[in-house]
Amino acid sequence: MGRGRSSRVPLRRSLLGRLLGVSALVAACSVAATAWLAVQTTSGAIKQEQGQNLTADARIYDTLLGYAARHPTWDGVDATVRELAEQSGRRVALTTQSRQPLADSATATAPPALPPEASAVVDPLSVDTVLAARSTEGQGTAADRIDPRAVGPFLLPAAERVTLRLTADRNAVCLNRAGIASDVVVGPSGRPRVQMVGNDPERALGTRCDPSDLDAPTATEKKALGALDALADACLKRQGRDGVRLNQDLSWGEAVAVPRPVSVPRDAREAAPVPAVEPPRELTGEDDRAIASCVGTARSEQLSSYVASPALLFIGDEGGATVPGFDLSPANTAKIAGAAALVLALTVGASVLAGARLVRPLHALTGAAQRMRDGEEHASVPVRGDDEIGRLAAAFNDMSAHRARLEEQRKAMVSDVAHELRTPLSNIRGWLEAAQDGLADPDPAFVDSLLEEAVQLQHIIDDLQDLAAADAGVLRLHPEPVRIEELLGQVAAAHQARAETAGVTLTVAAGAAPVLHADPVRLRQAVGNLVSNAVRHTPADGTVTLRAYGEGTGSASGSGPGMVVIEVADTGTGIPAADLPYVFDRFWRAEKSRSRRTGGSGLGLAIVRKLAEAHGGTASATSTEGKGSAFTLRLPRHLAVALMG
């Protein structure tokens, strides 16, 4: 059940889930980005087109407004209308307020009918402040709706212009010499004025220049201003208000006193009445508003004969449409197409990146499999997730590592077998060839020598077979309860003769060791290899001791959980510290001469370690050079029972 659950990956981490999630995310982002970019780009393009059209419309309106301000009639406006239409690419038409044609830029023989609503009314005496690009110069106040280019009787004749210009040029030169940058600016009426950088007239007070020479009105301006005063006073008089005197800039000060008849005593009635003049009074806000209204009315009345009559202005397309901004220009069309192409490119790029990210592990697996096929030692791939591909990569790495271990074991086995079988086989062949050539007699000593070599070969083959089975994990054990002190006594008895021949004392110190479940044959083989190795490396008069005890047990009898420790210690030559980590490697010997004096095939200790590991234990060694060595087996008791009786 556990394996079944572990093989099932949650959908949010599975490859299918990732594919679905990436596809949905890319689709959602693409739709959202396309919609957003389309709205933004299209809105911006429409606003830009509308802004351009409104700017063009305002320019058309301002140009025609200036024409009307400078001409008493619309005669001759056709050329101006055609020029404006050519510059803006729009249809421009002017009609009277009764819709009688004045000028039309339409080139068709039968142009489309004009729309019911006009784009604007061109009237220099009542300017549309939204469309007009009004100048800050002129004769009116800030709230004045009269176009400043409509000057009427204030237009200076050439002689007065020349006189004022000479005065203005002289003042500008004087100010420039005084270090005040100045220039001459001419207004719509032809009156020049000196404009200083920074527009601060008080800067000229400390100089010898006097720009006030230009403040005095000319004869033409006095006449026009007097007529304007009369019109304004007539308007104020109709409202029962005092008259005013307008300045040259059309501003006013206090009210002008008006003579009125007063009552006189009866005895002086026959005398002529004496007019009494009331003193000027201070103007109130209501007075100012009434004066401003009358001045505007007076200006309109004064200028009406100098400007063209109001006209209706129609601005639209040649086809008759009047709503601007929806016929996109090629540049804006290109922007929208570019935005769509950008979204498409981003979508394709995101899809490619997502696909490459998903396919990259498969490419890595394919490359690793090809390298394994080509015979590389070990091919692995990185595991970057816990989805199907990650689990496949982990399984592939396990398989590759297992294959590499098997290959290493195979090579090591072949090398070991070839190395260890060469010497005894060479000896047997040499003796047999010598007997065949008559150089050696087949006496009992000859036969004993051949038998010794054959037995050595048999031992090597048996050891190799055990190692191969242990490496492959097929070493069979037949566990049963084993009394450690009895097993050590059997091993000591089997090696007693060899120990006596070498002059080595062999002792057993097992005591009340615990009982454990183990394979007695394999355990005797492991301990026997340790004893044989100790006897070979212990000089005469030395001692080899076998002991066993419980480690981590609950009582002296060894009951309870713990380990069984079997130790084989000798008083031999010891092992150098540099060689100690390799003593359990197969075919390793501290003495490289491989003489029969030290004997062994180099497989004994390797078999000991494999047998200990097969029992779930460990094998270790400690040594002091020149004093001896101690080899220790630590085996888990598992189903061990307390030693009874």
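Position 1 is the first residue of the sequence, and the numbers go up from there.
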Can you check whether [X] reaches [Y] side chain to side chain, under 4.5 Å on heavy atoms?
| X | Y | result |
| --- | --- | --- |
| Asp128 | Val121 | no |
| Trp252 | Asn247 | no |
| Val81 | Asp104 | no |
| Asp57 | Ser119 | no |
| Ile60 | Ile315 | yes |
| Glu160 | Thr220 | yes |
| Thr218 | Glu221 | yes |
| Leu84 | Arg90 | no |

Rounded at 0.5 Å granularity, tell me how far [atom1] in [X] sits from [atom2] in [Y].
| X | Y | atom1 | atom2 | value |
| --- | --- | --- | --- | --- |
| Ser293 | Asp288 | OG | CG | 12.5 Å |
| Leu64 | Asp123 | CG | CG | 13.0 Å |
| Ser309 | Gln97 | OG | CD | 7.5 Å |
| Met196 | Asp183 | CE | CG | 12.0 Å |
| Ser189 | Leu155 | OG | CG | 7.0 Å |
| Gln302 | Arg299 | CD | CZ | 8.0 Å |

Practice problem: Before giving the answer on side chain to side chain contact (heavy atoms under 4.5 Å, CB included), spell out for Thr95 and Leu313 the whole-Å C-alpha distance, their side-chain angles and the decisive distance to 0.1 Å. | Solution: CA-CA 7 Å; Thr95 69; Leu313 172 63; over 6 Å; no

Quiz prompt | Gln239 CD: over 12 foreign heavy atoms closer than 6.0 Å | solution = yes

Quiz item: Does atom CD of Gln87 have more than 12 heavy-atom neighbours from other groups under 6.0 Å away?
Solution: yes

Self-check item: Pair Asp242-Lys237, side chain to side chain contact (heavy atoms under 4.5 Å, CB included): steps then yes or no
Solution: CA-CA 7 Å; Asp242 296 334; Lys237 185 177 181 180; over 6 Å; no

Would the distance check show the side chain of [X] and the main-chain N or O of [Y] forming a donor-acceptor pair, the cut-off being under 3.5 Å?
| X | Y | result |
| --- | --- | --- |
| Asn171 | Thr167 | yes |
| Asp147 | Ala69 | no |
| Arg145 | Val127 | yes |

Quiz item: Under 3.5 Å, is there a donor-acceptor pair between the Gln195 and Ser182 side chains?
Solution: no

Quiz item: Would Val244 and Leu246 count as a side chain to side chain contact (heavy atoms under 4.5 Å, CB included) if you check the C-alpha gap in whole Å, the side-chain angles of each, and the deciding distance to 0.1 Å?
Solution: CA-CA 6 Å; Val244 293; Leu246 298 177; 4.3 Å; yes

Self-check item: Positive for side chain to side chain contact (heavy atoms under 4.5 Å, CB included) with Arg177, one of Val173, Leu175, Ile180
Solution: Val173

Quiz prompt | Test salt bridge (charged side-chain N to carboxylate O under 4.0 Å, His left out) applied to Asp78 and Arg82, step by step | solution = CA-CA 6 Å; Asp78 293 324; Arg82 286 193 298 271; 5.0 Å; no

Where [X] and [Y] come nearest, the two heavy atoms and their spacing:
| X | Y | value |
| --- | --- | --- |
| Trp74 | Val122 | CH2-CG1, 3.6 Å |
| Arg91 | Pro111 | NH2-CB, 3.8 Å |
| Ser300 | Leu125 | O-CD1, 3.7 Å |
| Arg99 | Pro115 | NH2-O, 2.9 Å |
| Val184 | Ala168 | CG2-O, 3.8 Å |
| Ala216 | Arg191 | O-NH2, 3.2 Å |

Exercise. With sequence neighbours excluded, tell me which residues meet salt bridge (charged side-chain N to carboxylate O under 4.0 Å, His left out) with Asp233.
Key: Arg245

Practice problem: Sequence neighbours left out, what pairs pass disulfide bond (SG atoms under 2.5 Å apart) with at least one residue falling in residues 156-185? | Solution: Cys174-Cys209

Quiz item: For Tyr306, which residues count as a side-chain contact (heavy atoms from CB on, under 4.5 Å) partner, sequence neighbours excluded?
Solution: Pro153

